[in-house]
Amino acid sequence: ENSIGDISVTTGTGSEIAVTAHKTAWGSTQAEADAALAALKVNITQDGNAVTVRFEQISEVLIVGQRRDDSVDFTITVPVTTTVTAHTNFGEVNLAGTRSGADLQTNYGAIRASDLQGGALHLQSDFGSVTLEDSTAASVEARTSSGGIALVRVEAEADVTLNSDFGMIEFDHGRAGSLAAQTNNG
């Protein structure tokens with residue numbers, strides 16, 4: 001979970017999870033920026049097989065009439081059989097190479113996923129595009145309020161549901177048990 005920043009998840013060759021956090025902080029002076037950077041905390045917890053990586057936005061800085069938010073971009077390497085849940089408020093979510101289900105969400109930003117195999121896929125962006133390529137899933141649900149949806153070379157055993165309030169929908173070179181696609185303006 002991330003308040004502000006991108007999340008990129010890829011697969012590794014082993015059974016370990018590796019997390020890299022790129023922190024960005026702002027201040028009206030260098031000393032304030034350094035203090036804000038030191039105050040950014042990334043929490044990693046484990047409960048059984050579930051690992052949670054979390055950063056929550058705690059402050060914002062006003063610099064010459066512009067608001068600047070501190071952010072953390074995560075790059076996470078997981079075992080290939082990991083079921084991924086990745087949510088951010090402001091930022092992109094990218095996932096590649098897993099062999100299980102996924103729940104990817106962002107309020108403001110794009111979602112890009114590729115080379116996924118198996119499980120149910122839920123991809124949702126309130127304001128941003130949703131792209132899924134070269135994947136096989138049990139089912140796919142892709143939604144965006146404002147942005148396009150593109151599924152290319154995607155196969156689903158069951159339902160594929162695509163919904164965009166404002167944006168084009170593309171389902172190219174794919175196959176599904178059933179397909180429902182709706183756009184209000186696109």
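All heavy atoms count here, side chains included; hydrogens, waters and symmetry mates do not.
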N/O donor-acceptor pair under 3.5 Å between [X] side chain and [Y] backbone:
X: Ser135; Y: Glu133; answer: yes
X: Thr183; Y: Gly167; answer: yes
X: Gln46; Y: Gly48; answer: yes
X: Arg99; Y: Gly97; answer: yes
X: Lys23; Y: Leu40; answer: yes

Could you go through residues 13-21 and list every donor-acceptor pair under 3.5 Å that involves a side-chain atom there, pairing it with any protein atom two or more places apart or in another chain?
none

Distance from Leu116 atom CG to Leu95 atom CG, nearest 0.5 Å?
-> 4.5 Å
Rounded to the nearest 0.5 Å, how far does OG1 of Thr98 lie from CG of Leu121?
-> 7.5 Å
Name the atoms and distances for all side-chain donor-acceptor pairs under 3.5 Å in residues 144-152, with sequence neighbours left out.
residue: Thr144; atom: OG1; partner: Ser125; partner atom: O; Å: 2.9
residue: Thr144; atom: OG1; partner: Gly128; partner atom: O; Å: 2.7
residue: Thr144; atom: OG1; partner: Ser146; partner atom: N; Å: 3.4

Residues Arg153 and Asp115 bridged, charged N to O under 4.0 Å = no
With Val140, the side-chain contact (heavy atoms from CB on, under 4.5 Å) member among Leu179, Thr161, Leu132 = Leu132
Residue pairs passing the ring-ring contact (aromatic ring centres under 6.0 Å, His included) test where at least one lies in residues 101-125, sequence neighbours excluded = Phe90-Tyr108, Tyr108-Phe127
Taking it one step at a time, do Ser139 and Asp159 satisfy side chain to side chain donor-acceptor pair (under 3.5 Å)?
-> CA-CA 5 Å; Ser139 63; Asp159 300 338; over 6 Å; no
